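Since the structure is predicted, the reported quantities are computational estimates derived from the model, not experimental observations.
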Amino acid sequence: MKKLLLLCGLLAVFACTEEPADSAGGNGGRKARVLGSPTSRLALRGSLSVKLSPETAQAVAAAQAQRPATRSGVATRSGVGGIDAILHEIDAGRFERVVAYNPEWEDVYEQTGINRWYTIAFDDEIQLSEVGERLAALPGVAVVEYGIDPRYIRPMSEGPAVPASEGMFSRVGETRAAKAMNDPMLPFQWNYDNPGGGLFPDVAVKPEAGADIDLLDAWQLCTGSEEVIVAVIDEPVQITHPDLRANIWSNPKNSQEHGYNFWDDTPELDWKSVGGDDRNPEYADHGTHVAGVIAAVNNNGRGVCGIAGGRSNSGGVRIMSCQIMGNSTTGGKGNPTVKAFEYAWTNGAIIAQNSWGYNLETADGTKITPEEFEREWKSNYGIMRDAIDTFVRGAGTRNPNSPLQGGLVIFAAGNEGDVYGDVRIYPAAYDPVIAVGAMDWSFRPAYYTDYGPWVDIAAPGGDRYSGKTTRTASDGRTVFYSNAQILSTILCDDAIAYQDGRKDGGMYGYGFMQGTSMACPHVSGVAALGLAYAAQNGKKYTPAEFKALLLSSVYGIDDCFTGSKDGELGPIADMAVYKNKMGGGCIDALKLLFAVKGTPAVYVRTGEPVTVDFARYFGGDRSRVALTAASFASPGNLGLSSSKAVFDGMKITFDCPEPGTSMLRISAVSGDTEFVREFAVVSRAGLAANGGWL
C-alpha cells in the first residue's frame with residue numbers, strides 16, 4: 001500500500017522567527033512560538049532539541065568545560081540557571097551538543113549555527129509539550145524542536161528486493177557491455193547501457209535504445225578513484241559482500257571501522273537483523289543495493305558493475321556506510337540522520353547519498369499531507385537544514401587535495417507522484433539539495449516518481465509496470481519482468497535465514513529493486529565519477545560550480561512524455577503532466593566527464609549521416625581559419641574502418657554504424673600558424689536528427 005514518505009523536523013516544532021539579539025542572550029521578551037503538536041505517536045518520547053542564541057551557546061560551552069564530568073562522561077546540565085532548573089526538575093540524563101565539539105570544524109559550525117543545537121534526554125513518561133513550552137519561554141532559547149522517532153524513517157524504494165535467478169536472463173551474444181567489463185550481469189544493467197529492443201518481446205513498454213546514463217563510453221576516460229568517498233546514509237551496507245568489499249571505505253585511524261551504526265549507536269553495522277514477521281520477513285537489502293549502483297567492483301568476473309567501481313578490484317570510489325535505519329528492536333533513539341551527516345563530513349566524504357524519507361501519519365492513522373509538511377518546513381527548517389548546510393559548506397574543505405571544496409547532498413525525490421501529483425517533498429525540494437526523479441527504460445517517468453519544478457534531475461529508477469507482459473501465469477496473474485527494475489547487489493550473508501529463495505537461483509547476492517531510491521545513487525555515482533576524473537585532471541570545484549556541471553550534463557526526455565502508461569493505482573492517463581517537472585533531463589556520465597575535461601563534444605545519431613559545421617569552433621563563418629586534416633583516434637569504436645574524416649570546407653559528415661565514442665583531431669591553419677584541436681564524437685542510438693534527445 002502506498003505510504004507518505006517525508007522528512008523529519010515537522011512534528012511539533014517550536015521556533016522563533018528572529019534570533020535573540022540582546023547581549024545577555026535573551027529573546028527580547030519573545031516566547032518561541034509553537035508549531036504543531038507533540039501528541040502524535042511519531043514524536044520521539046523522552047527527547048528534545050534546543051537551539052540556543054549565540055551568547056547563550058557560548059555561556060553553556062564555557063560552563064560545561066568547567067564542570068566535572070559525570071561517571072558516564074555525559075553532560076547533564078547546561079550551567080545556565082534557568083535551563084538547569086528545568087533540567088533538574090525533569091531529572092535530565094543528557095544536555096549535550098548535537099554535534100560534538102571539534103576544533104577543526106568550529107569555524108564551519110559557527111557559519112551554519114549547528115554548534116548551537118543541544119539535545120536533552122529525560123524519562124519517556126514526561127510530557128513533551130510541558131517541557132517544550134517551558135524551555136521555549138526561557139531567555140536565550142531560540143528554538144525548541146521535537147524529534148521524530150527514527151523508526152519512521154523509510155527507504156524510498158517501491159517494494160522489496162526481487163532476488164535474481166538464472167531464469168530471469170536471456171542468453172545474449174557479445175554486446176558493448178560485455179566488451180567493456182567482464183562482470184557477467186553487466187549486459188542486463190540496462191540503466192548503464194540500454195541497447196533497446198528484443199530481449200523482452202512481449203513487454204508492455206519496450207526498452208528504448210539510449211535510455212541509460214551513457215556509462216560505457218565514460219569508462220574509457222575514468223572508472224573511479226579511491227580518494228573520493230561517498231557516504232551512503234541509509235540501511236547498512238554489507239561491507240563483506242564479495243562484489244563490494246574492495247570498494248568499502250576504512251577509517252585511516254581504525255582499519256576495522258567502515259562506517260557507523262547510528263540506529264543502535266555502535267560501530268558495528270547491523271544488516272543481519274530481520275524485520276517484519278515470520279510470514280513477511282523484511283531484509284535490510286536497501287543500503288547494499290544503493291551501494292552497488294555507485295561502486296560495485298568492476299571487471300572482477302563477478303556479478304554486476306558499479307558506476308564508479310574502478311577496475312579489477314582497484315581504483316573504485318569508497319563507500320562509507322552511515323546506518324540510520326535498522327531492524328533491531330533496541331535501536332531507534334536520538335537523531336541518527338544529523339549524526340550521520342556529521343560523521344560523513346568529519347571523515348572525508350564529499351557526497352552524501354540519501355535514498356530515504358519519513359512516513360508521517362497521526363496517532364489515529366491520518367496522514368500528514370505534503371502541503372501540510374511544506375507549510376511546516378517553511379516555518380522552521382530546523383536542525384536538519386543546518387546539517388545539510390554544514391555538509392555542503394564544509395565537506396572536503398579539510399583536505400587540500402579534494403576535487404570538491406565542499407559537499408554535495410543528493411536526495412531521492414520520493415515515490416508518491418501517482419498519489420499526490422505535483423507537490424513539493426522536503427528535504428529533496430530544499431534548494432541546496434539535488435532532488436532526483438526516476439525514469440523507466442523508455443525515457444519516460446517511472447509510474448511512482450514524485451515530480452514538479454523542484455526536481456533537479458532524472459535517472460533510471462526502474463519501473464515494474466514497464467516490464468508488464470501480455471502473458472498470464474497458471475493462476476491467472478499477469479507476468480512481470482523484474483528486469484525492468486534496477487539490478488544491483490543485495491545481502492548474501494549466510495548467517496541470515498532467508499525465506500525468499502535468493503540462495504536457490506544461482507545468483508546469490510544480486511537482485512532487482514525500483515524507486516527514486518534507485519535513481520538517486522545513479523546521480524551520486526556519476527557525480528563521484530566526475531569528481532574522480534576532476535582529481536585525475538588536477539581540477540577543483542566549489543559545490544556550486546560542480547553542481548552546475550552536473551545538472552547541465554543531461555539529455556532531454558520531455559519529448560517522450562506522451563500518451564498514457566500503467567501504474568500501481570491504474571493507468572496514468574496523460575504523461576504530459578510530467579513535462580518541465582523532471583529536471584533538465586536524465587543524467588549523462590559521458591557529458592559530465594567531457595565538461596570536467598573541457599572537451600567539446602559532437603553528438604550524432606547512430607546509423608544516419610549527419611553533417612556538422614565546425615565553423616563555430618574556429619571563429620565563426622567570417623573566420624579565415626581553414627581545416628587541413630581530420631582523423632579519428634579510435635574509429636573502430638564508432639564502427640568505422642578508416643581513421644580519416646572527410647571534410648568540405650568547415651563541414652564534416654559523420655556516418656557511424658555503431659554506438660560509441662572517439663576523439664577527433666582536427667588540424668587547422670591560421671595565417672602561417674598550424675594548430676590542432678580535439679573534439680569528442682559520440683554516436684548514440686536515440687539521438688534526434690537535430691542533435692536533441694528523443
Side-chain angles (χ1 to χ4, degrees), residues 155 157-172 175 177-178 180-194 199-200 212 215 232 234-248 271-272 281-310 313 316 319 321 355 441 460-462 464 467 480-515 517-519 521-522 525:
S157 55
E158 280 286 285
V162 179
S165 64
E166 291 177 351
M168 293 178 172
F169 301 96
S170 304
R171 188 177 298 277
V172 297
T175 63
M181 299 284 182
N182 65 11
D183 308 73
M185 296 184 191
L186 176 59
F188 301 96
Q189 292 182 278
W190 60 263
N191 38 312
Y192 296 166
D193 181 69
N194 189 342
L199 292 180
F200 311 103
D212 54 48
L215 181 59
V232 176
D234 206 294
E235 287 184 342
V237 177
Q238 184 188 340
I239 58 175
T240 60
H241 195 293
D243 216 359
L244 289 172
R245 189 164 45 213
N247 288 340
I248 296 296
W271 60 81
K272 298 180 182 179
E282 297 175 357
Y283 307 109
D285 289 306
H286 189 269
T288 299
H289 193 281
V290 165
V293 172
I294 300 169
V297 180
N298 296 339
N299 209 54
N300 63 347
R302 176 192 294 273
V304 297
C305 284
I307 293 168
N313 289 298
I319 296 294
S321 181
S355 285
W441 64 11
R464 177 172 179 262
F480 291 82
Y481 283 118
S482 296
N483 308 66
Q485 301 182 53
I486 302 300
L487 176 62
S488 185
T489 46
I490 60 174
L491 296 180
C492 58
D493 190 320
D494 287 342
I496 303 172
Y498 302 106
Q499 298 180 39
D500 58 5
R502 68 180 64 194
K503 290 186 176 182
D504 306 327
M507 294 184 171
Y508 184 36
Y510 303 93
F512 297 92
M513 297 185 78
Q514 65 173 2
S517 268
M518 285 59 252
H522 282 81

Using modelled atom types only, decide if a donor and an acceptor are shared between the side chain of Asn247 and the backbone of Gly309 within a distance under 3.5 Å. yes
Measuring from atom CG of Asn182 to atom CG of Asn300, what distance do you get when rounded to the nearest 0.5 angstrom? 7.0 Å
With heavy-atom distances below 4.5 Å as the criterion, would you say the side chains of Met507 and Met168 are in contact? no
Distance check, rounded to the nearest 0.5 Å: Gln238 atom CD versus Ile496 atom CD1? 7.0 Å
Under 3.5 Å: donor-acceptor pair, side chain of Asn191, backbone of Pro460: no
To the nearest 0.5 angstrom, please state how far the CZ atom of Phe512 sits from the OH atom of Tyr481. 12.0 Å
Work out which heavy atom in Pro163 is nearest to a heavy atom in Ile490; give both atom names and the distance. CA-CD1, 4.1 Å
If we count only N and O atoms by modelled type, under 3.5 Å, do the side chains of Tyr510 and Asp243 hold a donor and an acceptor together? yes
Quick one: closest heavy-atom pair of Arg502 and Leu491, and the distance? NH1-O, 3.0 Å
Cut-off 3.5 Å, side chains only: do Asp494 and Tyr508 have a donor facing an acceptor? yes
Between Asp504 and Tyr498, is a side chain to side chain contact (heavy atoms under 4.5 Å, CB included) present by the stated rule, with each step listed? CA-CA 10 Å; Asp504 306 327; Tyr498 302 106; over 6 Å; no
If you look at every heavy atom in Ala161 and Asp285, which pair is closest and at what distance? CB-OD2, 3.8 Å
To the nearest 0.5 Å, tell me how far Leu215 CG sits from Leu186 CG. 8.0 Å
Here the pair of heavy atoms bringing Ser482 nearest to Val162 is OG-CG1, 3.4 Å
Just how far is it from atom CD1 of Ile294 to atom CD1 of Ile319, taken to the nearest 0.5 Å? 4.5 Å
Test item: His289 side-chain N/O and Ile486 main-chain N/O as donor-acceptor pair under 3.5 Å: yes
With no hydrogens and no angle check, just 3.5 Å: does a side-chain donor-acceptor pair link Ser517 and His286? yes
Is there a side-chain contact between Pro187 and Phe169 (heavy atoms, below 4.5 Å)? no
Looking at Ser355 and Pro521, what are the two nearest heavy atoms and their distance? OG-CD, 3.8 Å
Is the side chain of Tyr283 donor-acceptor paired with the backbone N or O of Pro160 at a distance under 3.5 Å, no angle test? no
Within the structure provided, determine whether Gln189 and Val304 are in side-chain contact (heavy-atom separation under 4.5 Å). yes
Flag, side chain of Thr288 to backbone of Thr489, donor-acceptor distance under 3.5 Å: no
Minimum side-chain heavy-atom gap Trp190-Leu487 below 4.5 Å: no
Can you find a heavy atom in the side chain of Met513 that is under 4.5 Å from one in the side chain of Val290? no
Indicate the atoms forming the closest heavy-atom contact of Asp193 with Ala177, along with that distance. OD2-N, 4.5 Å
Which residues share a salt bridge (charged side-chain N to carboxylate O under 4.0 Å, His left out) with Asp183, sequence neighbours left out: none
Any side-chain heavy atom of Lys272 sitting closer than 4.5 Å to one from Asp493? yes
Taken in chain and number order and not counting sequence neighbours, the residues that satisfy ring pair (Phe, Tyr, Trp, His ring centres under 6.0 Å) with Tyr192 are none
